[in-house]
Amino acid sequence: MTKAPTVEDVARVAGVSRQTVSNVVNTPAIVREATRLRVEAAIAELGYRPHAAARRLRTRRSSTIGIHLDPYAGGIAGVVLDRFVHALTERASERDMRVLLYAARTAEEEIDRLGDLLEGGEVDAVVVTGTFHGDPRTGWLNERGLPFVSFGRPWGEDDVAAPAHLWVDVDGAAGTRAATAHLRAAGADRIAFLGWPTGSGTGDERERGWRENVGAAAGPRWVVEDSVGLARDVVADGLAADPRVGGIVCASDSLAIGAHLATTLAGRADIPVVGFDNTPAAEALGLSSVEQLPERVASGALDLLMGEGGTVVAPRPATAGAAHVLVEPRLVVR
């Protein structure tokens, strides 16, 4: 068997001391960039992997990132977050980091769980999901100095110029703009939007994209909770009241499936429906949908927490323009 490369091998190839290699692995910020790049190139060339357990003992870091596991809610709504957690775990492993899942039913319960993790030194950083206006979790984490990034923007007055914390998100407005443009190009001259009640930051962003691009083709805005059955009933009533509707942009695939059922039952299967999330259910029904690309979101979250290609938690400062990653979604047309 070929002997695994050692820190001494890396030092010899890079032309540096053993301590410099250790510094690059454990505290790269203190190493000059030219030296760090030379050592990182040697590490890549040799395929060197530091001993994780020894490094945790030496640095007193857990090399672990915590992320909340949402309660199972049934239906199709959890597919995107499942993909995100899977991608985060894979990409963290490539950086010699582990991912710890923890459960909580409410924001308050999650804060209690985070307190336990922080007190026990079990995590070096946290990824917060499902942010909302007035989210108490982010304030709690900021006060205690535990590095974190959110999948979801802070929902402040200006999340780009004056961000409350590091965040990564999908550009929902860009997704629905693309969906609306697709329907207009296909000849729809009256396009409805099927969305959630006002006040959901994510839902409001997706509605904004439709409004920005629909122009003279603006149709009705239908409002419903995220339910296939409720969406079917709302769209059925909406089509009866406004039969000129020739296309529907939806805030989620659950709503899109309900809209598809309604158009089919009304004998209007010719009305194109576009969803959001590109779930397997939408694919099976042949519905066009906006894909969030959660794998890119996971990479963006780690870059914010650890730097591009970094192997230790060294979060960027939450300064204007540098504190967020906004992922452009992709419209999948079927």
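Quantities reported herein were computed from a predicted structural model and do not represent experimental measurements.
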**Request:** Tell me, with the steps shown, if Q292 and V297 meet side chain to side chain contact (heavy atoms under 4.5 Å, CB included).
**Result:** CA-CA 8 Å; Q292 295 202 44; V297 177; 5.9 Å; no
**P163 to A323 - nearest heavy-atom pair and separation** = CG-CB, 3.6 Å
**Prompt:** Of the non-hydrogen atoms in N142 and A164, which two are nearest, and what is the gap between them?
**Reply:** ND2-O, 3.4 Å
**Asked** Taking everything shown except R113 itself, do over 12 heavy atoms lie less than 6.0 Å from its CZ?
**Response** yes
**Asked** Is the shortest distance from a Lys or Arg side-chain nitrogen in R95 or E90 to a carboxylate oxygen in the other one below 4.0 Å?
**Response** no
**Message:** side chain to side chain contact (heavy atoms under 4.5 Å, CB included), that's the test. Do M97 and V313 meet it? Break it down for me.
**Reply:** CA-CA 9 Å; M97 297 289 288; V313 173; 3.8 Å; yes
**Prompt:** For S288 and R334, does a side-chain donor sit closer than 3.5 Å to a side-chain acceptor?
**Reply:** no
**Asked** Considering only heavy atoms from C-beta outward, does the side chain of R330 approach that of V290 to under 4.5 Å?
**Response** no
**Message:** To check you understand the geometry: which heavy-atom pair defines the closest contact between D124 and P147, and what is its length?
**Reply:** O-CD, 3.5 Å
**Side-chain donor or acceptor of N278 paired with backbone N/O of E291 under 3.5 Å** = no
**Fill in**
To the nearest 0.5 Å, atom CD of E45 lies from atom CD of E40 at 14.0 Å
**Asked** So, does T89 use its side chain to make a donor-acceptor pair with the main chain of V85 at under 3.5 Å?
**Response** yes
**Message:** Do V127 and F84 have side chains that approach each other closer than 4.5 Å (heavy atoms only, starting at C-beta)?
**Reply:** yes
**Request:** For the residue pair V274 and I248, establish whether any side-chain heavy-atom pair is separated by less than 4.5 Å.
**Result:** no
**Request:** Establish whether L239 and L265 are linked, either directly or via other cluster members, by ILVMFWY side-chain heavy-atom contacts under 4.5 Å.
**Result:** no
**Message:** On a heavy-atom basis, which atom in A256 and which in C250 lie closest, and how many Å separate them?
**Reply:** CA-SG, 3.6 Å
**Request:** Verify whether one side chain among D277 and S252 offers a donor that lies under 3.5 Å from an acceptor in the other.
**Result:** no
**Qualifying residue for salt bridge (charged side-chain N to carboxylate O under 4.0 Å, His left out) with R153, from D159, D135, D169, D204** = D169
**Item:** Test side-chain hydrogen bond (donor to acceptor under 3.5 Å, both in side chains) applied to T6 - qualifying residues, sequence neighbours left out
**Value:** E8, D9
**Asked** So which of E110, E108, E143 actually passes salt bridge (charged side-chain N to carboxylate O under 4.0 Å, His left out) with R137?
**Response** E110
**Request:** Could you check if a side-chain atom of W140 sits within less than 4.5 angstrom of a side-chain atom of P136, using non-hydrogen atoms only?
**Result:** no
**Item:** Salt-bridge criterion met for R190 and D242 (N-O under 4.0 Å)
**Value:** yes
**Asked** Should we count CZ of R208 as having more than 12 external heavy atoms under 6.0 Å?
**Response** yes
**Request:** Have a look at H165 and tell me which of L304, T138, L141 forms a side-chain contact (heavy atoms from CB on, under 4.5 Å) with it.
**Result:** T138
**Request:** List the steps, then state whether side chain to side chain contact (heavy atoms under 4.5 Å, CB included) holds for L166 with F148.
**Result:** CA-CA 7 Å; L166 302 177; F148 75 97; over 6 Å; no
**Request:** Would you sort out whether I67 and L100 count as a side chain to side chain contact (heavy atoms under 4.5 Å, CB included), showing the intermediate values?
**Result:** CA-CA 6 Å; I67 183 170; L100 181 151; over 6 Å; no
**Request:** Applying ring-ring contact (aromatic ring centres under 6.0 Å, His included), name anything that partners Y102, two or more places apart in sequence or on another chain.
**Result:** H68
**Asked** In Å and rounded to the nearest 0.5 Å, what is the CG to OG1 distance from L88 to T129?
**Response** 10.5 Å
**Request:** For the residue pair I43 and V39, establish whether any side-chain heavy-atom pair is separated by less than 4.5 Å.
**Result:** yes
**Request:** Please check if V128 and L146 belong to a single hydrophobic cluster, counting links between Ile, Leu, Val, Met, Phe, Trp and Tyr side chain heavy atoms closer than 4.5 Å.
**Result:** yes
**Asked** Do L114 and L101 share a hydrophobic cluster, counting only Ile, Leu, Val, Met, Phe, Trp and Tyr and linking them when any side-chain heavy atoms are less than 4.5 Å apart?
**Response** no
**Item:** Separation between CG of D226 and OG of S200, rounded to the nearest 0.5 Å
**Value:** 9.5 Å
**Asked** Could you go step by step and tell me if T64 and R98 meet the side chain to side chain donor-acceptor pair (under 3.5 Å) rule?
**Response** CA-CA 5 Å; T64 302; R98 302 175 298 179; 3.0 Å; yes
**Message:** How long is the straight-line distance from CZ of F132 back to OG1 of T202, given to the nearest 0.5 Å?
**Reply:** 12.0 Å
**Prompt:** Is V327 reachable from L81 through a run of I, L, V, M, F, W or Y residues, each pair having side-chain heavy atoms under 4.5 Å apart?
**Reply:** yes
**Item:** Enclosure of E212 CD (heavy-atom neighbours >12, cutoff 6.0 Å)
**Value:** yes
**Prompt:** Applying the side-chain contact (heavy atoms from CB on, under 4.5 Å) test to S289, which of T279, D253, V333 qualifies?
**Reply:** D253
**Item:** Closest heavy-atom pair and its distance - H133, G199
**Value:** CD2-O, 3.7 Å
**Prompt:** Heavy atoms, side chains only, cut-off 4.5 Å: are V245 and P220 in contact?
**Reply:** yes
**Complete:** When every non-hydrogen atom of S299 is compared with those of R91, the smallest separation belongs to OG-NE, 3.0 Å
**V235 and L194, any side-chain heavy atoms less than 4.5 Å apart** = yes
**Complete:** Only residue of I271, N213, L183 satisfying side-chain contact (heavy atoms from CB on, under 4.5 Å) with I191 is L183
**Asked** In terms of hydrophobic clustering (I, L, V, M, F, W, Y; side-chain heavy atoms under 4.5 Å; direct or indirect links), are V7 and V31 co-clustered?
**Response** yes
**Item:** R206 to F276, cation-pi by 6.0 Å centre distance and 45° axis angle
**Value:** yes
**Asked** Atom OG1 of T20 and atom CZ of R36: how far apart are they, to the nearest 0.5 Å?
**Response** 13.5 Å
**Request:** Find out whether L118 and V123 are in side-chain contact, i.e. whether some heavy atom of one side chain is under 4.5 Å from a heavy atom of the other.
**Result:** no
**Item:** CG on L117 to CD on E122, rounded to 0.5 Å
**Value:** 5.0 Å
**Asked** Is there a donor-acceptor pair under 3.5 Å between the side chain of T176 and the backbone N or O of G172?
**Response** yes
